[in-house]
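Residues: numbered from 1 along the sequence shown.
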Amino acid sequence: MSNWRHFLVGNAFLKSSFYSSISVLVKIATAFITAKFIAVYLGPSGLGLLGQVTNLVSISTLFAGGILVNAVIKLVAESNKNSEQSLAPLVQTISSLSLLLSSAVAIILFVFSNSISRTFLYSLQYSSAVKVLSFSIFLVSFNTITLAVLNGLKDFKTYNYLNASINILGLIGTLVLISLFGVTGAVYGTILSQAFGFLLVILAVRKKDWLLLNFKKPVFDRAILLTVLKLTLMMVVTALTTPVVQLAVRNHLIATQNISNAGIWEAVNKISGVHLLFFLTVLTTYYLPRLSELTDKFAVKVEIIKGYKLLTPLILVSSTCLFLTKDFVINLLYTKDFITAASIMSWQIVGDFFKISSFLLAFIMIAKSLSTTYIVSEIISSVSYYFLVVFFTNRLGIGGATLAYGITYIGYFLFLIIRFRKLLLYKSEDFNTGSRIF
């Protein structure tokens, strides 16, 4: 009994998972409540529009600082010291770069607000909302970088507390705006949801020495900048593929099916996103800094195997539960207009299973800066997904989109298994032979 108690209390992964689970449960609850509210007030077409807004915000946030997150977590974890002296060059360089990126994104959003509104949101009436996004992007970028530093320092408690609080504030603000202004309020709520937590983030980390470094004059450390840019390139690819491909898929569904079917697909996509959320949060919070600080290749293998032993049962249970309760989940979260979503969810759940299973191996590419492997795999999987969607939906209807998703991530998982087969199969003595593992 004492051994089990020591394992549960002293296990860093379980400690991280505990704090992450609270944050994720809050995020899941807020996402479900928001989705239900939108489904009741706005219907499938409203949910489809909000999917476009979400993608626009995601793309803007990524280019305004989100692309730096993995670099920040990795570099802060490698320094492994919470002191102004060790973090000063890194935080100042990251903050300066984030300010530069945010300014560029803000200018683009403001100047081209009419075109962006017409292209992304199918109407000029939301151009003012795009301008609001251009101003709020600075607050969101600050939150993003600050949370990334906390993650790299393994301050799991503060990191997850802030994530949960930001989501609650975002939920309250979004629901109030939807109640008052309908679809327009939903658009503004989605745009401002992450910015609502700016003051909360300031208050939570106000006593941290490194926080003050964000407000000093811009500094660009050349060595750090080069390292960050290399890691950032990987995130740029993600920023250019995932949201853009989702937009392309949604536009294809609207053009070949209708906006209501696009809303059905969006409903399935949102449930899938929530399903993935816990695992992605835990792995980002714990495994990315953990894998980044490990220098011994065999230790990396041990950490990966341990991760699969802990996560695989959870993945199987969550996937099975979602499959068995998909009709109930659709009725709970949405309305009868969305019942078609339950009939197309099976392949989405299969895809989720393999996507989650791929996360652990995918984090090796980020932690060890395997930029070529990462970029190639992201581009191929995203492009394959889009063309599979086109192929299957033209033949099978809306259900072809989830079939394409399932096939894409089965292939992605198999690719990673083949790529890291040496790491997974070799023993400790094999790492002395000079064979290339990474």
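Side chain of Arg419 to backbone of Leu416: no donor-acceptor contact under 3.5 angstrom is found. Ser357 contributes a side-chain N or O that, together with a main-chain N or O of Phe353, makes up a donor-acceptor pair within less than 3.5 Å. Checked by atom type and distance alone, the side chain of Thr61 never pairs as donor or acceptor with a backbone atom of Ser58 at under 3.5 Å. Ser102 contributes no side-chain N or O that, together with a main-chain N or O of Ser141, makes up a donor-acceptor pair within less than 3.5 Å. Between the Ser117 side chain and the Ser127 main chain, a donor and an acceptor come within less than 3.5 Å of each other. Ser381 contributes a side-chain N or O that, together with a main-chain N or O of Glu378, makes up a donor-acceptor pair within less than 3.5 Å. The main-chain N or O of Ile315 is found under 3.5 Å from a side-chain atom of Ser318 such that the two form a donor-acceptor pair. Between the side chain of Ser113 and the main chain of Lys131, no donor-acceptor pair closer than 3.5 Å is present. Within the 3.5 Å criterion, the main-chain N or O of Asn163 finds a donor-acceptor partner in the side chain of Asn167. At least one donor-acceptor pair closer than 3.5 Å links the side chain of Ser377 to the backbone N or O of Thr373.
Sparse packing is recorded around CZ of Phe387, with 12 or fewer heavy atoms of other residues, nucleotides or ligands lying under 6.0 Å away. Annotation: Phe415, atom CZ; neighbour count of heavy atoms from other residues, nucleotides and ligands within 6.0 Å is above 12.
Side-chain contact between Ile418 and Phe413: absent, with no pair of heavy atoms (C-beta onward) separated by less than 4.5 Å. Annotation: side chain of Ile166 is in contact with side chain of Leu147 (closest heavy-atom distance under 4.5 Å). Using a 4.5 Å heavy-atom threshold, the side chains of Leu361 and Leu424 count as touching.
Under the 6.0 Å distance and 45° angle rule, Lys326 counts as a cation-pi partner of Phe323.
Put simply, CG on Leu162 and CG on Leu200 are 5.5 Å apart, with the number rounded to the nearest 0.5 Å. Residue Phe198 holds its CZ atom at 7.0 Å from CG of Asn143, rounded to the nearest 0.5 Å. In this structure, Ile380 CD1 and Ile375 CD1 are separated by 12.0 Å, a value rounded to the nearest 0.5 Å.
Screening residues 170-184 for side-chain hydrogen bond (donor to acceptor under 3.5 Å, both in side chains), with sequence neighbours left out, gives no hits.
No close placement of the Tyr409 and Phe354 rings is indicated, their centers lying 6.0 Å or farther apart.
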